[in-house]
Amino acid sequence: MSLFGSMNRMVTITINKNQYLAEEGEIFLLTAMRLNIDIPHLCYEKALEPYGACRLCMVDLVTCGKTTMTPACTIKVHNGLEILTDTPQIIKHRNLLFELYLAEAPKSEVIREMAAKYGVKKTRFLKKIVHEDPLLGKCILCGLCVRVCTEIMGTCAINFINRGPYTVINTPFFEQNPDCAGCAACAQVCPTKAIVFEDRDAERVMQSWSGTTVPLATCSSCKKSFAPEKLMHKVLDKLDPAIIEEIKSLCPECRRQHITRKVIRKVPKS
């Protein structure tokens with residue numbers, strides 16, 4: 001077993017002229033993060049296949065003395081891999097992207113803080129202003145929300161709308177979408193915290209997605225609303241039927257109490 005707890009073969013790679021041991025086949029961005037080598041990134045999500053949408057993690061891949069700019073999240077580690085992460089070309093590219101993102105998402109605190117870290121505090125580009133923007137002027141169109149909704153949850157409740165500079169992400173025709181499960185996975189993966197939702201009484205309101213409302217399940221014991229009904233059905237369908245009937249209508253807290261009581265009853269008295 002390797003030093004990093006994996007059975008994968010360890011190989012030698014070169015980063016910024018220094019040699020390191022790395023796990024063969026690992027995504028290079030993860031290798032760099034583990035080695036504390038700074039590479040900014042926004043669109044990498046371990047649950048999804050990397051696709052280099054944000055372009056912030058660009059590095060120079062060195063092959064036969066020639067360099068090619070490539071997203072670090074799409075490079076797989078192999079023996080002899082050589083990477084440069086801080087060349088003048090890379091720094092220029094990165095700073096330009098930060099300026100573009102400051103214009104695209106002018107209200108994103110995440111973008112402002114990240115850009116400032118790399119010395120970019122203003123943009124020469126015209127800032128995008130959309131009145132009553134459901135994504136609060138924070139969306140960079142990385143597509144993570146669309147991908148997790150489609151590829152992981154299988155609901156396809158949101159997608160890209162329009163083209164070019166008019167592209168946005170929302171529900172079809174900007175109407176409430178009954179396909180939405182209210183799982184809020186989109187909000188969890190959004191790198192700029194652009195997606196807003198709120199639980200109100202017995203329903204979840206996906207404010208960013210045209211105010212789509214999703215009913216919440218109510219605990220049969222404490223009577224509190226605790227999870228979207230559609231999401232509960234998806235999860236329960238994958239569980240053992242014997243377990244489902246016993247705990248399916250309980251919230252997590254009541255479920256823990258129920259299981260604890262059962263365990264205590266089974267403990268033989270001394």
Side-chain angles (χ1 to χ4, degrees), residues 13-20 22 26-46 48-77 81-130 133 135-147 160 162-169 189-195:
I13 65 174
T14 302
I15 307 175
N16 298 331
K17 307 298 183 180
N18 298 312
Q19 289 192 332
Y20 300 90
E26 184 180 35
I27 293 171
F28 174 72
L29 178 62
L30 297 182
T31 300
M33 291 167 63
R34 177 166 47 75
L35 294 171
N36 294 318
I37 296 172
D38 187 35
I39 300 177
H41 58 279
L42 284 168
C43 74
Y44 175 73
E45 167 56 46
K46 61 183 179 181
L48 297 165
E49 188 69 21
Y51 71 145
C54 76
R55 316 308 280 182
L56 271 178
C57 71
M58 298 293 277
V59 295
D60 271 335
L61 173 64
V62 183
T63 307
C64 299
K66 296 183 179 181
T67 60
T68 305
M69 288 184 66
T70 309
C73 64
T74 63
I75 299 172
K76 294 293 184 69
V77 168
L81 176 68
E82 185 175 355
I83 298 290
L84 299 172
T85 68
D86 56 1
T87 63
Q89 179 187 13
I90 292 296
I91 293 172
K92 182 179 179 180
H93 166 86
R94 181 186 297 159
N95 290 348
L96 177 61
L97 270 178
F98 275 128
E99 285 196 55
L100 288 169
Y101 282 142
L102 285 171
E104 177 70 22
K107 295 185 179 180
S108 172
E109 297 87 354
V110 174
I111 295 298
R112 283 203 299 269
E113 290 174 5
M114 185 180 289
K117 176 184 174 182
Y118 292 91
V120 181
K121 297 183 179 180
K122 59 183 180 180
T123 176
R124 77 194 83 168
F125 303 106
L126 183 65
K127 292 184 178 180
K128 181 179 180 180
I129 303 297
V130 179
D133 181 4
L135 294 177
L136 310 175
K138 298 180 179 182
C139 179
I140 60 168
L141 299 175
C142 68
L144 280 181
C145 56
V146 175
R147 293 189 66 202
F160 291 96
N162 301 326
R163 296 181 179 181
Y166 306 104
T167 302
V168 294
I169 295 175
V189 300
C190 178
T192 60
K193 298 179 174 58
I195 300 169

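Just so it is clear, the model here is predicted, and its values are computed rather than measured.
Between M114 and L42 there is a side-chain heavy-atom pair separated by less than 4.5 Å. Looking at V59 and I75, their side chains come closer than 4.5 Å, going by heavy atoms from C-beta outward. Between I27 and Y44, the closest side-chain pair of non-hydrogen atoms falls below 4.5 Å. Counting only heavy atoms from C-beta outward, the side chains of I83 and I13 never approach each other to under 4.5 Å. Residues L141 and I169 form a side-chain contact, since some pair of their non-hydrogen atoms from C-beta on lies under 4.5 Å apart. Residues R112 and L102 are in side-chain contact: their nearest non-hydrogen atoms beyond the backbone lie under 4.5 Å apart. The shortest distance between side-chain heavy atoms of K117 and D38 falls below 4.5 Å. You'll find the side chain of N16 reaches within 4.5 Å of the side chain of D86, heavy atoms only.
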Quick one: do T68 and T63 satisfy side chain to side chain contact (heavy atoms under 4.5 Å, CB included)? Show the steps, please.
CA-CA 8 Å; T68 305; T63 307; 5.6 Å; no
Might you work through the side chain to side chain contact (heavy atoms under 4.5 Å, CB included) test for L84 and I90, ending with a clear yes or no?
CA-CA 9 Å; L84 299 172; I90 292 296; over 6 Å; no
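More than 12 heavy-atom neighbours from other residues, nucleotides or ligands sit within 6.0 angstrom of NZ on K128.
Rounded to the nearest 0.5 Å, atoms SG (C190) and CD (E45) are 11.5 Å apart. Residue H93 holds its NE2 atom at 4.0 Å from CE of M69, rounded to the nearest 0.5 Å. Atom CD of E26 sits about 3.5 Å away from atom OG1 of T31, to the nearest 0.5 Å. With values rounded to the nearest 0.5 angstrom, L100 atom CG is found 10.0 Å from L56 atom CG. Distance check, rounded to the nearest 0.5 Å: NZ of K107 to SG of C139 gives 14.0 Å. Separation of atoms SG (C145) and CG (L135) is listed at 7.5 Å; rounding is to 0.5 Å.
In this structure a side-chain-to-backbone donor-acceptor pair under 3.5 Å is missing from E99 to F125. Proximity of a side-chain donor or acceptor of N95 to a complementary backbone N or O of V120 within less than 3.5 Å is not detected. Not a single donor-acceptor pair under 3.5 Å links the side chain of R94 to the backbone N or O of A115. A donor-acceptor pair is defined here as one N or O able to donate and one able to accept, closer than 3.5 Å; such a pair exists between the side chain of Y101 and the backbone of C54.
Of all heavy-atom pairs spanning L81 and L61, the tightest one is CD1-CD1, 3.5 Å. The minimum heavy-atom distance linking F28 with I39 is given by the pair CE2-CD1, 3.8 Å. Taking both residues in full, the closest heavy atoms of A53 and C142 are given as CB-O, 3.6 Å, listed atom of the first, atom of the second, then distance. Shown here for T123 and K127, the closest heavy-atom pair between the two residues is CG2-CE, 4.1 Å. P50 and C73 make their closest contact through CB-O, 3.1 Å (heavy atoms, listed as atom of the first residue, atom of the second, distance). Residues S108 and T192 share a closest heavy-atom pair of OG-CB, 3.7 Å.
A cation-pi contact, defined as under 6.0 Å to the ring centre and within 45° of the axis, is absent between R34 and Y20.
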